[in-house]
Structure formats: structure tokens, C-alpha cells
Q: 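My questions all concern the structure below.
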2 protein chains.
Amino acid sequence: MAESDGNRAAYPPGEKKGCDRCTTRLLCLGEGLTDEQLHGLESITHTRGPYQTGQAVYKMEEKFKSLFVIKTGSVKIESISHEGNNLVDGFFFRGDLVGLEAIGADRYQHDAVVLEETRVCELPFDQLETLCSFMPRLQHKILLLLGQKIRHTNSAIVHGRYLTAEQRLLGFLQVLCRKNVLQHDKYRSSVRLVMSKGDIASYLGLRPESLSRALRKLQSKGIIRNYGKRVEILNLESISGSLCK
Amino acid sequence: MAESDGNRAAYPPGEKKGCDRCTTRLLCLGEGLTDEQLHGLESITHTRGPYQTGQAVYKMEEKFKSLFVIKTGSVKIESISHEGNNLVDGFFFRGDLVGLEAIGADRYQHDAVVLEETRVCELPFDQLETLCSFMPRLQHKILLLLGQKIRHTNSAIVHGRYLTAEQRLLGFLQVLCRKNVLQHDKYRSSVRLVMSKGDIASYLGLRPESLSRALRKLQSKGIIRNYGKRVEILNLESISGSLCK
DNA sequence: CGATCAATTGAGTGTGTTCAATGTCAGTGG
DNA sequence: CCACTGACATTGAACACACTCAATTGATCG
């Protein structure tokens, strides 16, 4: 769980290369599969990277071909608004599956840009589909994931509409806490913001200025502490409270 | 294509009852399947209804079991916000597939409430999954639909965030026009609003008051004409213009 | 060390909200 | 047939929150 335990250590020497021993063991897809099935899944995957900050795993112009699982690092997906601005549509972390939005489309719907040094597993989608036909358990898992994605996206709509800037920010920090845990004792947890404030603002549907103000406000309320690229959450319970109010 | 050609006419006498000859021929799922495959699909479906205005096809409390295809009529899905208000999350019309949000969840995520006399086909999801294992084409179709759903929901987020009340309303009317066509010549089309203004407002993330003002504004601009439960769109091109501006 | 970009802060504006009042329409009963 | 009712829709006035624009500070990198 500690964040600095390197990636190398996770590959026992003598192990076969590639995804055979994926750090995350294809976290989101693999759980619940037999070893044999897992092996089948791993046989179609390819490791990619490491990508450096700012590089793209895929871009909007490219034909949709594969999904990607994040082994280490983090990724943002962004598109262009009608006005020509960059719009951040999501953040992904270790174990997350990226590219679901493009399923059934001709091309990717976003640029998937890396926020730090990042390695991923590529899963060619047509092969994944074929595999699903032989592995009902895997098929089930994929459907489940897509359902989750739909639910999550749906709740983001409510999130975006009916909540104030402060509430959105708190919700975001809460999610970030769960996904990207660094330290996390009962009353105090701290999050490293791998993405820029501008990206966060865009993701939350705010101007950077408004985000900045919201941060300051929460700090003055004693709920968080803003150290630039690191935010400390002092008062975790008040989060859920604020969200429900 | 003509919308008033009844449902009975689509069932040749002597044909087996049920969904064997679904009016919509399982529009969203069936296309591209062989007759034999289609028959397999239809063998797991059950007709439900007619439901009357206000009745629920399914409710939040119920265990997720089935997806539903709308044969005739229309449906809204709604949930409860943190503050306890009703939130309309979507509208569905003939041929649409309802319930995708619940895939992989324990229970349905919404109440699916009927807006007029409505008939649906029930598709038990576990049977659908099993069927998919034997019919890669169907599996592909389902995945495609889920992808579409994700994309659609995603774009709704942008929709909700960066557009003014007028723009949202225009976008909504545009979609409604495509789905729910009554008359539709090149410069003039008219939409019947099966749902209440309050539902529309909720769906667009507005107060009913704001929606009302937006309607008036667009009318004064000569883009639409508001006849209570029917809206005439006078100036279809200006819609896309307004959206991009 | 200056250059550049990100983040912050301030003042003024605008769009949608809130709250309250009025208007409209369908259904019901006198 | 008309008055009454209750839900839905519209309108108005004051307000709140996030936006815009502009200036300042801070961080990073050559």
C-alpha cells in the first residue's frame, strides 16, 4: 500500500516477462478467475510504458483497439469542449481500467495523458471479446465493470449539478483518498495531488479561481489543509456531513 | 416508420404470442442477428404491460433481474437526491433499452415510471448473459450498447456543466425531436411533451422556474413556440448554432 | 537570475436560484 | 353550468454563487 515500494520489487526474478505476473494481477478483471483463466487473460495482454508525464497512452484520433489497465502511475482523460477548451473527464489510478468510453465507437473519445511515470497493460478488445465467449466468468466480470462505470458516470452528473463548489471538492478528495491512499489513520489522511489544480477544476466543472477559493474556504473551516500539491484532510467525518447537508 | 401503425398489425395472425414478433423486433438488440439467433433472443423475453401513467416498471428497492425494451410508450427513470427531492435521470422511448445502470448492482438504481400507456419486453439478465456465451454476435451487440450508454452519459455531463439553461433546453428538444418524431419537415417540427415541465427541468438540472423562463426566451427569439404540452420548433438550424456558440 | 506557467487573490458581473404570488387547466361536486 | 379544488406552470424581485477579467504571487526550469 505504501506508495514508494517501487515496481521492480513486485516482479520476482526468474518470473516470465510481460503481464504474466502483472503487478496488479489485472486487478479489476482478474479477481474471481481461476489460475488457468487468468493465464488466458494474461496471454493477450502486453505491457506498455513507462510513459513519462504528459505523454499519451492513446489519443482521440486513434482507432479504438484496446483497453488499458494501469499497473503503476496515473492517467487523466481529456477531450475538447465546443469552445475549444480542454475538458478533463476523469482520473485513473493503479488497477483502474481505462478506455471503456470507446467501446463500440470507431475511435477513442479522449486523450489519455499520463500524470506521472506510468506503466500499463494493453488489452486488445477484440481478443478480449473472443476470450469472453469461452469464459462466461470473464464476460460476467466485464459486464459488471461496464455497469459500474455507467453508475459511476451517472452519479457524477448529480455530483456536477446539484452540489456547490465546496461539496464537489470534498467529494473529489474523498474519492481520491480511497483510491490513492498514502497515509490514512482514522482522523487524518493526506493526499498527493498528482494532477494540476487546473485539471481538478476542469474535472469538477469549475474555474481554477473558484477551486482555489473553495480550497481556502474549506481550510478556513478547518476541514482540510492545502499544501500546494498535497492536501491534508483533518476532519473526515465532516465530509459526509457536508455532502448530505 | 410511421408511428401510428398500431402494434396488432405487426403480429400476423397465427404467429406465436409473446415477443416472438416484437413490434420493435427488439430494435436495439436484434438488428444484425440471424433469424435463428433472433428467435433465441425472443425465447427468453416476456411481454409486460400495459402499464398506465404513473405506474412503475421497476422500483429502486427491487433486486435487479431484467432489462426492459420499450415496445410502445415512454418511461422516465428517477432517483432521490441527498436532499430528498426527486431527480429525473433519463427519458426512454419506443425501442430503448432500460435498466442498464443496474447491471452488476444488487438492486435497480431508479424507479422506472411510465409516462403514458406503455408496453415493454422483459429480458432476464442472467439468461441474456448465458445466451451471449453462445452468440458472440449478441455479446458484441451488448458491449456496444453499454459503450454507447457510457459515451452518452459522459456527454450529458459536459452538457450539464458548461451550457446555459437555453442551450440545455435546445439540446433536449433536439434529441426529443429525433426520438419522438411526429411531424418533421425540414424547417418545422413539433414535439409532444409526454413528461411534465417539472420532469424536464429536473432532468436538465434546472428549477421549473428557470425552465419556464428559458422557454419564454427562446420563444421571444422566434426559435420555438410553446403550446403547453406541445412545443413547435420553428428554426431547427439555429439549434446547432446556439449549441456551439 | 529572469522567463514562463500555475496558482492565488480581488472587484464587479451575470445566470440561475429562492421565495412568494399569480395564472392555467382538468377533474369534481354542488 | 359554474364554483371549488389541487397540481402544474408562469411571472416577478432579491439574492447567492460561480464566472470574468485583471493583477499579484509563487514555483519550476533553463
Side-chain angles (χ1 to χ4, degrees), chain A residues 52-54 76 78 81-88 113 115-116 159-172 192-221 224-231 242 245, chain B residues 52-54 76 78 81 83-88 113 115-116 158-172 192-221 224-231 242 245:
Chain A
Q52 299 306 322
T53 307
K76 68 173 171 183
E78 54 182 2
S81 76
H82 295 275
E83 295 87 27
N85 313 322
N86 266 16
L87 277 190
V88 176
V113 177
L115 296 168
E116 60 191 323
H159 229 242
R161 266 191 210 151
Y162 294 104
L163 301 182
T164 67
E166 281 179 66
Q167 292 171 319
R168 295 185 213 186
L169 174 54
L170 275 175
F172 175 73
R192 188 175 53 102
L193 303 177
V194 276
M195 66 298 283
S196 73
K197 297 267 167 83
D199 284 343
I200 299 175
S202 172
Y203 176 66
L204 295 177
L206 298 170
R207 299 288 117 173
E209 298 95 316
S210 301
L211 174 64
S212 190
R213 283 185 249 274
L215 276 163
R216 203 156 51 80
K217 231 170 179 175
L218 290 183
Q219 180 157 3
S220 75
K221 286 185 184 174
I224 65 166
R225 211 142 181 203
N226 179 12
Y227 293 119
K229 288 218 94 51
R230 166 168 254 104
V231 171
S242 291
K245 210 218 60 178
Chain B
Q52 299 306 322
T53 308
K76 70 173 170 182
E78 54 183 2
S81 74
E83 296 86 27
N85 313 322
N86 266 16
L87 276 190
V88 176
V113 177
L115 297 168
E116 59 191 324
V158 180
H159 230 242
R161 266 194 212 150
Y162 294 103
L163 301 182
T164 67
E166 280 180 67
Q167 292 170 320
R168 296 185 212 187
L169 174 53
L170 275 175
F172 174 72
R192 186 176 54 103
L193 304 177
V194 277
M195 64 298 281
S196 74
K197 297 267 166 85
D199 284 344
I200 300 175
S202 172
Y203 177 64
L204 295 178
L206 298 171
R207 300 288 118 175
E209 298 95 316
S210 301
L211 174 64
S212 190
R213 283 184 248 274
L215 275 164
R216 203 156 52 81
K217 232 171 180 176
L218 289 183
Q219 179 157 0
S220 75
K221 285 184 184 175
I224 67 167
R225 210 142 180 206
N226 179 14
Y227 292 120
K229 289 220 92 55
R230 166 169 255 103
V231 171
S242 290
K245 207 219 63 179

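Quick note on labels: first sequence line is chain A, next is B, and so on, each numbered from 1. What you see is a predicted model; the values in this text were computed from it and never measured.
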Q: Write down the distance between CD1 (B:I200) and C1' (D:dA9), rounded to a whole number of angstrom.
A: 12 Å

Q: Take A:R168 and A:L206, measure what side-chain contact (heavy atoms from CB on, under 4.5 Å) needs, and give me the verdict at the end.
A: CA-CA 9 Å; A:R168 295 185 213 186; A:L206 298 170; 4.0 Å; yes

Q: Do A:R230 and A:L193 make a side-chain contact, defined as non-hydrogen atoms from C-beta onward lying under 4.5 Å apart?
A: no

Q: What is the distance from atom CD of A:E78 to atom OH of A:Y203, rounded to the nearest 0.5 Å?
A: 14.0 Å

Q: Return the set of residues passing side-chain hydrogen bond (donor to acceptor under 3.5 Å, both in side chains) with A:N85 (not counting sequence neighbours), or none when no residue passes.
A: none

Q: Please enumerate all residues that pass side-chain hydrogen bond (donor to acceptor under 3.5 Å, both in side chains) together with A:T164, with sequence neighbours excluded.
A: A:Q167

Q: Base, sugar-phosphate or nothing for A:D199? Non-hydrogen atoms, less than 4.0 Å.
A: nothing

Q: What's the CG-P distance between B:L218 and D:dT10, to the nearest Å?
A: 13 Å

Q: Could you check how far OH of B:Y227 sits from P of C:dT24, rounded to whole Å?
A: 17 Å

Q: Without decimals, in angstroms, what is the distance between A:R230 CZ and C:dA6 C1'?
A: 19 Å

Q: Going by the rule side-chain hydrogen bond (donor to acceptor under 3.5 Å, both in side chains), which residues pair with A:E209 if we only count those two or more places apart in sequence or in a different chain?
A: none

Q: Give the C-alpha distance, both sets of side-chain angles, the deciding distance and a yes or no for side-chain contact (heavy atoms from CB on, under 4.5 Å) between A:K229 and A:M195.
A: CA-CA 8 Å; A:K229 288 218 94 51; A:M195 66 298 283; over 6 Å; no

Q: So which heavy atom on B:I200 is nearest to which on B:F172, and how close?
A: CG2-CE2, 3.7 Å

Q: Among pairs that include at least one residue of residues 198-207 of chain A, which meet salt bridge (charged side-chain N to carboxylate O under 4.0 Å, His left out), considering only residues two or more places apart or in two chains?
A: A:K76-A:D199

Q: Between the protein and nucleotides 15-21 of chain C, which nitrogen or oxygen pairs are less than 3.5 angstrom apart?
A:
residue, atom, partner, partner atom, Å
C:dG16, OP1, B:A165, N, 2.5
C:dT17, OP2, B:R207, N, 3.2
C:dT17, OP2, B:S210, OG, 2.3
C:dT18, OP2, B:R207, NE, 3.3
C:dT18, OP2, B:R207, NH1, 3.4
C:dT18, O4, B:R213, NH2, 3.0
C:dC19, N4, B:E209, OE2, 3.0

Q: If you look at every heavy atom in A:Y162 and B:L87, which pair is closest and at what distance?
A: CE1-CD2, 3.3 Å

Q: For the helix from C:dC1-D:dG30 to C:dG30-D:dC1, what is the angle between the axes at its two ends, each from 5 pairs, rounded to 10°?
A: 20°

Q: For a quick test of reading the model: is some side-chain N or O of B:N226 closer than 4.0 Å to OP1 or OP2 of D:dA9?
A: no

Q: Output side-chain donor-acceptor pairs under 3.5 Å for residues 210-221 of chain B, partner residues at least two apart or in another chain, one line each.
A:
residue, atom, partner, partner atom, Å
B:Q219, OE1, B:N226, N, 3.4
B:S220, OG, B:K217, O, 2.7
B:K221, NZ, B:E166, OE1, 2.8

Q: Do any N or O atoms of the protein come closer than 3.5 Å to N or O atoms of nucleotides 23-30 of chain D, and which pairs are they?
A:
none

Q: Nearest-Å distance, CE (B:M195) to C1' (D:dA9)?
A: 16 Å

